[in-house]
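What follows is one structure encoded as structure tokens, with my remarks underneath.
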Amino acid sequence: MGLKDESPATPSPGDGTADGTAEQVAEFPEKVRILAEGRIVSDRLWNADLAPARQRNWKVRSLFALWMCDVHSIAGYTFAAGLFITGLVGWQVFLALVLGITLVYFLMNFAGTAGQKTGVPYPVLARMSFGLFGANLAALVRALIAIAWYGIQTWLASEAVLVLLFSVWPELAALEGPEVPHILGLTPIGWTAFLVLWAVQLLVIRRGMETVRKFQDWAGPAIWVAMFALAIYILVQAGDRFSLSIPGVAPLDGPAALAQFLAAIALTVTYFSALLLNFCDFSRFSPDRRTIVRGNFLGLPVNFIAFALVTVVVTAGAASYFTEEEYRGKDMFAVITDPVAIVQAINDPFITIIAAVTFVVATIGINVVANFVSASYDLANVAPHRIDFRRGGLISAVLAIVILPWNLFSSPIVIVYFLGGLGALLGPLFGVIFTDFFRIRHQRCKVSDLYHEDENGLYFYTKGWNLKAIAALIPASVVAGVLALVPALQNFLPGGSGLGPYSWFVGALLASVIYFFLTRDDARTKRALTEVHD
């Protein structure tokens, strides 16, 4: 990828075509091969950021830190703590999270192996299964989800910081009062907090993937220390009053407990479903598969189990320790499932300031990992000759403001049907892409054919689109969408659970089966297995 100076290289006028300079061509063996075959590197498919990684410096520590940033977030805590409200007791929540993350670990190793073996980011990897230009469909679905959640996460973190600051300096709360004029839905101080967080994240991503790695190497452990300190504080304060049962929640048993337990496992996998697609954006910089397996083991089972333990301690401890004085008239469940509300209830200025800094760092960490990097590559893939990694990041950041994410978040229709509908596509996309790579192609890829438009290339298919992949994607997405979005299917099982949590699994499995049977005897695929590979 050419990360010698931390910034992704910007394609020069000759880069990506047959008339590029000898130095530019020699830097990338894939170009040499394409030109040796008498073909032309397409500027619609190539830029230096989408090229296979040249530097492989994401070691175990960097992958471990990446997962620390992704797991330890406001959204992650709220998701895990929310499982208590389903009627599961502490040990059941903990076990469900452990089993779920173990499954994620094995799936993530598949995704990481594909990236490390080919050296390409997610949208380029998708060209193998969806075609050179059909891959834009897979990329844009992922980009839309990433941009929407990037904006929402940034806004939620900015609101959290304001809430905590107001609790330390109450006089500032007047700047957010009902009489203060709103501009497109936010007060001036609300805009200030949002734009500051927005700008800091943009600075990190604008410097390239090497800066992302360095930031996460520092941010991941810092977030962990803060969360661990909060757990110890809550546990000490609760003392002998600590209980794994939540007051006011009747523990489930029998079939009801089992249904909610299985749903919790499925939801844990679904929580990571976006990164299951684009983890290759990071793993492609790792030197070997062993590094990925070790980094994922520390960052997923080990790290997440520790996170699950912290979540159980903080949630159950807060419910045991807090009284009506700390709740200040708020609903108990709204407080104990929200780390911002918990810190506010503690009402200690020092803890509040530390927490505000931690929430900022955590938000930057998860947004870079789960949203920003993905959207940057996905948009660059649409027009590589005009959009590089940095421009893709800038476009993503601007769109995150344009969509006014606070309006999106306040609309149940948008969250449930638009983002939920897009999310239902993630399982089928995973099923097609990784069935193609592992089951159909047996991890064999001619990387150079991902960057030219010759009709005889392995991934050109029908004018750049693999119609068989689309044929597998559509029915699987429809079924997954029905399971995820139809209200009648969400609470008819014992304990009030439904089929929604399983939509990712059903979509992935159905797309995988359909795609396998459509392509197992495909002539182009058989030719791909016999050709000399990069």
If you look at every heavy atom in [X] and [Y], which pair is closest and at what distance?
| X | Y | answer |
| --- | --- | --- |
| A96 | T268 | O-OG1, 4.3 Å |
| L483 | S503 | CB-CB, 4.0 Å |
| P301 | N296 | CD-O, 3.3 Å |
| P123 | A139 | CB-CB, 3.8 Å |
| F434 | A111 | CE2-CA, 3.5 Å |
| T358 | A226 | OG1-CB, 3.3 Å |

Note, [X] side chain near [Y] side chain (heavy atom, < 4.5 Å):
| X | Y | value |
| --- | --- | --- |
| I145 | L425 | no |
| S286 | L63 | yes |
| P121 | V124 | yes |
| I433 | Y122 | yes |
| W58 | I292 | no |
| W155 | L197 | no |
| L408 | L404 | no |
| L426 | L276 | no |

Take a 6.0 Å sphere around [atom1] of [X] and say whether it holds more than 12 heavy atoms from other residues, nucleotides or ligands.
| X | atom1 | result |
| --- | --- | --- |
| Y233 | OH | yes |
| F166 | CZ | yes |
| R56 | CZ | yes |

Aromatic centroids of [Y] and [X] separated by under 6.0 Å:
| X | Y | value |
| --- | --- | --- |
| F389 | Y377 | yes |
| W67 | F304 | no |
| F79 | Y271 | yes |

Applying side chain to side chain contact (heavy atoms under 4.5 Å, CB included), run through C280 and V120 and close with a yes or a no.
CA-CA 7 Å; C280 53; V120 301; over 6 Å; no
So, taking the atom named [atom1] in [X] and the one named [atom2] in [Y], what distance separates them when rounded to the nearest 0.5 Å?
| X | Y | atom1 | atom2 | answer |
| --- | --- | --- | --- | --- |
| L83 | L267 | CG | CG | 7.0 Å |
| I101 | L107 | CD1 | CG | 10.0 Å |
| I353 | D348 | CD1 | CG | 9.0 Å |
| L298 | F64 | CG | CZ | 5.5 Å |
| F372 | S396 | CZ | OG | 6.0 Å |
| R284 | L125 | CZ | CG | 11.0 Å |

Counting only N and O atoms by type, is there a donor-acceptor contact under 3.5 Å from the side chain of [X] to the main-chain atoms of [Y]?
| X | Y | result |
| --- | --- | --- |
| R213 | L66 | no |
| R390 | S376 | no |
| N47 | H385 | no |
| R391 | R386 | yes |
| N278 | D281 | no |
| R127 | A135 | no |
| T315 | V312 | no |
| W198 | A397 | yes |
| T187 | V180 | no |

Given V486 and L489, is the side chain to side chain contact (heavy atoms under 4.5 Å, CB included) satisfied, shown in steps?
CA-CA 6 Å; V486 173; L489 299 178; 4.1 Å; yes
Parallel, tilted or perpendicular, judged at 30° and 60°: which one describes the rings of W406 and F194?
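The rings of W406 and F194 stand perpendicular, inter-plane angle above 60°.
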Measure up the F297 and Y105 rings against each other and bin them: parallel (under 30°), tilted (30 to 60°), perpendicular (over 60°).
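Perpendicular: the ring planes of F297 and Y105 meet at over 60°.
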Assess the residue pair T154 and N367 against the criterion (side-chain hydrogen bond (donor to acceptor under 3.5 Å, both in side chains)); give the C-alpha distance rounded to whole Å, side-chain angles, the decisive distance to 0.1 Å, and a yes or no.
CA-CA 8 Å; T154 302; N367 258 346; 3.1 Å; yes
Do T352 and I346 pass the side chain to side chain contact (heavy atoms under 4.5 Å, CB included) test, and can you show the C-alpha distance, the side-chain angles, and the key distance before you say yes or no?
CA-CA 8 Å; T352 298; I346 292 173; over 6 Å; no
Steps toward side chain to side chain contact (heavy atoms under 4.5 Å, CB included) verdict (F307, L97)
CA-CA 10 Å; F307 168 74; L97 292 173; 5.8 Å; no
